[in-house]
Amino acid sequence: MKLDATDLRYITSDEFRVLTACEMGSKNHEVVPLSLITQISGLRNGGVNKLIGSLAKRNLVSRVQNAKYDGYRLTYGGYDYLAMRAMSKRDTMTSVGNQIGVGKESDIYIVSNQEGDEMVLKLHRLGRVSFRTIKQNRDYLGKRKSASWMYMSRLAAQKEYAFMKILHEHGFPVPTPIDQVRHTILMEFIDAYPLRQVSEVENPGKLYSSLMDIIVRFAQAGLIHGDYNEFNILIRRDTGEPIVIDFPQMVSTSHANAEWYFNRDVECIRRFFRRRFRYESAFYPKFKRTMSDGKSDFKLDIAVEASGFAKKDLKALEEYLEAAREEEGEEGSSDEEDSDGSEEEGDAEEEEEIVEEEVVEESEEEAGSGDDTEKEGEPSRKTKESEAGPSTSRTDKDIEELEEQLSELVIPDEPNRSLSRSPPNSRPGSPRRSHHDSDSEDDHDDDDGHNDDSVRAIATNELTKKRAQQQRKYHSKRSVRNAGRPQGSKAKQNNRVNRDAFWE
Ligand code: ADP
Ligand code: MG
């Protein structure tokens, strides 16, 4: 998606006040009546008319005419703007560069702070999937009139940030979380390729062990990733170390369907290794065994809950994610889907037979590779420390305070070179709703105006150009295919069974 170069630098303080009023009104209104916006903004009637017209022109709000009354909705562009402005106010980020990723449920941008440190901004987009399917499950909405995209996207960001923070603090290989506002998360930029784009690795057995080891460590700490696949595992360009991302769907090991989620994560990796690297191991973690072996006395699932994340919010998000997956259908789950088929060679069934034969070739030298696993699984402790804690409410609504900056910020003028695209159905569905007893008949329609998927970004030309260069340099198809490419011939590559019996 191309950045929309709407000139946000010139938003006036009154316009900002009206935009914020529209956001506040959205809490209880799907379409916020103009009279309410006027009332909240505390500005004069005629003035607000003009101001909101100007915001609508820039797609920060959209006008909605319905049977009962006319009003406005905050668009994603408006919500993005408010979030970025709040972060810029806190100095955690001050400029936006290229988009580097686009998923069904997020947009990912490179951003930077005043010191020029590059970071990643993830903007959650949970409204892209229609909410029709969760009509039945709306009891958690309480007084809220609708399961709005704003609410869901914000929950996803809050949850993801809470998990990322706790995982990072406990030494898991995840990006360093930096800040969180509304539906966005600011985190460390990982110079890496998604595993999906890696065609060869030096030592598939070692990587496989590391990835399974991470699953085990997650589970022993009380967590299951829930979407552990080649799209959500980044391979560091320099070290080849895996970094795990994308946490909104994480579940606790005490979840009713924990074993199902656990097995699915394990199976995603096994299948990917089989198909991509022709690597198959007889060893893989089993849920019950993993749980009974669990030696850690900290339970991260409980820690996350204690971090102030309301249970009902977690449930709301879980229900949304599940409904969204169900609506998408399960046919296109990541293991079968191939959005850029050119890179995937050998998904054919025949190959599986070849793999079967390879599995039999075992080598004694590999017996001790458990040590490698330990090393590879080591967390990214070297990453810089979090610079700011979460404070979702801090200054967000403080109209008086949020009226400056941005004058030095410039809109990027360069289209994106290469986006890392999440698969349309990267997250397979959930087990049949065994854990849901949805009997609420609450039936609020909620086809929000979330289709404004353009990002209003404040950006520096310099950063954009620098990123574009990097994109060309590192993210061209050729460099991607060479990532982690072993030096030796194919015959020398480690495609054999890893005898590390760590999970058995
Ligand atoms: P989604 O929920 O939409 O799948 P992800 O968090 O998986 O979003 O991110 C989508 C893509 O953006 C990833 O596949 C990756 O290429 C890129 N990405 C996300 N976070 C980072 C990061 N911290 N550093 C570098 N790239 C990232
Ligand atoms: Mg993802």
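First listed ligand is number 1; within each ligand, the first listed atom is number 1.
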Notebook entry, point to check: So Phe277 and Phe272, ring pair (Phe, Tyr, Trp, His ring centres under 6.0 Å) or not? Walk me through it.
Noted result: CA-CA 8 Å; Phe277 305 126; Phe272 179 75; 5.7 Å; yes
Note to self: Ring centres under 6.0 Å, that's the criterion: do Trp260 and Phe287 meet it?
What the structure shows: no
Notebook entry, point to check: Taking only heavy atoms of Pro194, which atoms of ligand 1 are found under 4.0 Å from at least one of them?
Noted result: 16 (O)
Next item on the list: Pick whichever of Met164, Met187, Lys122 has a heavy atom sitting closest to atom 20 (N) of ligand 1.
Entry: Met187
Next item on the list: Tell me whether the guanidinium CZ or amine NZ of Arg217 lies under 6.0 angstrom from the six-membered ring centre of Phe172 and within 45° of its axis.
Entry: yes
Notebook entry, point to check: Who's closest to atom 18 (N) of ligand 1 heavy-atom-wise, of Ile185, Val244, Ile108?
Noted result: Ile108
Check: Counting only heavy atoms, which portion of Ser106 has something under 4.0 Å from ligand 1: side chain, backbone, both, or neither?
Finding: both
Check: Centre of Tyr284's six-membered ring, under 6.0 Å away, within 45 degrees of the axis: is that where NZ or CZ of Lys286 sits?
Finding: yes
Margin query: For Arg196, which part has a heavy atom under 4.0 Å from ligand 1: side chain, backbone, both, or neither?
Written below: neither
Note to self: So, applying salt bridge (Lys or Arg N to Asp or Glu O under 4.0 Å) with Asp80, which one of Arg85, Arg182, Arg125 is it?
What the structure shows: Arg125
Next item on the list: Taking the Mg ion (ligand 2) as the reference point, name the nearest N/O/S atom of Asp246.
Entry: OD2
Notebook entry, point to check: Using 30° and 60° as the class limits, which term best fits the ring planes of Tyr79 and Tyr76: parallel, tilted or perpendicular?
Noted result: tilted
Note to self: Under 3.5 Å, is there a donor on one side chain and an acceptor on the other for Glu188 and His168?
What the structure shows: no
Checklist line | Region of Ile190 that comes within reach of ligand 1 [heavy atoms, distance under 4.0 Å] | finding: both
Checklist line | N, O or S atom of Ser106 closer to the Mg ion (ligand 2) than 2.8 Å | finding: no
Margin query: Checking contacts here: is it the side chain or the backbone of Ile100 that comes within 4.0 Å of ligand 1, counting heavy atoms only? Could be both or neither.
Written below: side chain
Notebook entry, point to check: Within less than 2.8 Å of the Mg ion (ligand 2), any N, O or S from Asp227?
Noted result: no
Notebook entry, point to check: Looking only at distance, does Phe231 have an N or O less than 3.5 Å from an N or O of ligand 1?
Noted result: yes
Notebook entry, point to check: Atoms of ligand 1 less than 4.0 Å from Pro175 heavy atoms?
Noted result: 23 (N)
Checklist line | Among Leu234, Ile235, Ile245, side-chain contact (heavy atoms from CB on, under 4.5 Å) partner for Pro194 | finding: Leu234
